[in-house]
Number of protein chains: 2
Amino acid sequence: MAARMTRQRAAVVEALDELADFRSAQQLHETLRARGESVGLATVYRALQALAEASEVDVLRAEDGESLYRRCARREHHHHLVCRHCGRTVEIDGPTVESWASKVAAAQGFDDIEHTIELWGTCADCRASSKG
Amino acid sequence: MAARMTRQRAAVVEALDELADFRSAQQLHETLRARGESVGLATVYRALQALAEASEVDVLRAEDGESLYRRCARREHHHHLVCRHCGRTVEIDGPTVESWASKVAAAQGFDDIEHTIELWGTCADCRASSKG
DNA sequence: CGAAGTCATGAGAACGATTCTCACGCGGCG
DNA sequence: CGCCGCGTGAGAATCGTTCTCATGACTTCG
Ligand SMILES: [Mn+2]
Ligand SMILES: [Mn+2]
Ligand SMILES: [Zn+2]
Ligand SMILES: [Zn+2]
């Protein structure tokens, strides 16, 4: 049942692999278009959706609500520190946070617990280029 | 320079006070409408926006991207454990998490750090009523 | 009180990211 | 060749949210 690997999907995966940072579907679409790869926007969305379901990419919501995608180095559960200006990303572990989160939720009688933990900031490069 | 307290804004605040849980702008609008208070949807949005800027309400994004609003008991920084079915909310503190977050981000040379930490689950009531 | 100025309201249009529709293309298989 | 299942993509549709703008309410000042 694996999805068919088409030229378009390969292009999306390749673009993700070259880009180390979180990018929106539209940014990826633009990137592909710029390099001559012709891929429809709807197809980019579908590819990202499939990859997300297969845990091949991580998805997070920017502060403005836009979804950002990234092909992370590790497949295991982890979180991110993301530059809100350029998307630069650092993967972070939080064993402490993990146990804290599940403990707190269980103590309140909640089930099916999930957590959203993301850190946002301005990376050193963006700080330097925006002010000095 | 405080915003003018109109009938509409008072109604929004009152609805928020009576509802203990996170609610969307549209849910609040429907609630007001149901109780006979006539308030435009745009006005509800504007009131919530103003309240959020004044830190009178907390805002968070549901998994589907919709914004949810709540008048929290405490004004200080805190996080939430929210039932994804009914919006039931428990305010939580995380001193450990706070220091962990800022430490991690600073270690990577990031500035203007913010964090998003929200816990989602199914509350005891929703679990009981949905299955058994 | 009354006029002018300021801000709030609300109906509907506009927005923007995402999803859906559907006609079409492609490749495999018999 | 004809059939089938699925991927594609252009454009329409969705949906929460914001914007526009004509109108109304409240404040200030004469
Ligand atoms: Mn975690
Ligand atoms: Mn915090
Ligand atoms: Zn940056
Ligand atoms: Zn619940």
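Fair warning: this is a prediction, and the values are worked out from it, not measured in the lab. Reminder, nothing fancy here: chain letters follow the sequence lines and each chain counts from 1.
- The side chain of A:Ala42 approaches C:dC20 more closely than any other nucleotide in the set C:dC20, D:dT18, C:dA17.
- Note that CG of B:Leu81 is 13.5 Å distant from CD1 of B:Ile117, once rounded to the nearest 0.5 Å.
- At D:dG9, one or more side-chain N or O atoms of A:Gln8 fall inside 4.0 Å of OP1 or OP2 (strictly under the cut-off).
- Spacing between atom CG of A:Leu48 and atom C1' of D:dG7 amounts to 15 Å, rounded to whole angstrom units.
- B:Glu66 is linked by a side-chain hydrogen bond (donor to acceptor under 3.5 Å, both in side chains) to B:Ser24, counting only residues two or more places apart in sequence or in another chain.
- Straight-line distance from the CD atom of A:Gln49 to the P atom of D:dG9: 16 Å, rounded to whole Å.
- Atoms OH (A:Tyr69) and C1' (C:dT18) sit 8 Å apart, rounded to a whole Å.
- Distances shorter than 4.0 Å separate none of the side-chain N or O atoms of B:Thr6 from OP1 or OP2 on D:dA25.
- B:Ser67 comes within 4.0 angstrom of sugar-phosphate atoms only, judged by non-hydrogen atoms across all strands, and of no base.
- Between A:His29 atom NE2 and C:dT18 atom C1' the separation is 14 Å, expressed in whole Å.
- Of the residues near DNA chain C, B:Gly40 and A:Leu41, the one whose nearest nucleotide (by heavy atom distance) lies more toward the 5' end is B:Gly40.
- If you take CZ of A:Arg9 and C1' of C:dC26, they are 14 Å apart, rounded to a whole angstrom.
- For C:dG10, its base sits under 3.5 Å from the side chain of B:Arg46 at one donor and acceptor pair at least.
- Comparing D:dT8, D:dT17, C:dT6 by their nearest atom to the side chain of B:Tyr45 picks out D:dT17.
- Residue contacts for B:Gln26: at a heavy-atom cut-off of 4.0 Å it reaches a base atom on one of the strands shown.
- Side chain of A:Arg70 to backbone of A:Ala20: a donor-acceptor contact under 3.5 angstrom is found.
- In terms of phosphate contacts, A:Arg4 brings no side-chain nitrogen or oxygen within less than 4.0 Å of OP1 or OP2 of D:dT8.
- Atom-to-atom, CZ of B:Arg7 to P of C:dG10 comes out at 6 Å; the value is rounded to the nearest Å.
- C:dT9 atom P lies 13 Å from atom CD of B:Glu37, rounded to whole Å.
- One can place CZ of A:Arg33 at 7 Å from P of D:dA10, the figure rounded to the nearest angstrom.
- Both A:Tyr69 and A:Val12 are part of a single hydrophobic cluster, where members link through side-chain heavy atoms under 4.5 Å apart.
- Considering only side-chain atoms of A:Ala25, the nucleotide from C:dT18, D:dG7, C:dA8 that sits closest is C:dT18.
- Ring orientation note: the planes of B:His79 and B:His115 are tilted relative to one another, at an angle of 30° to 60°.
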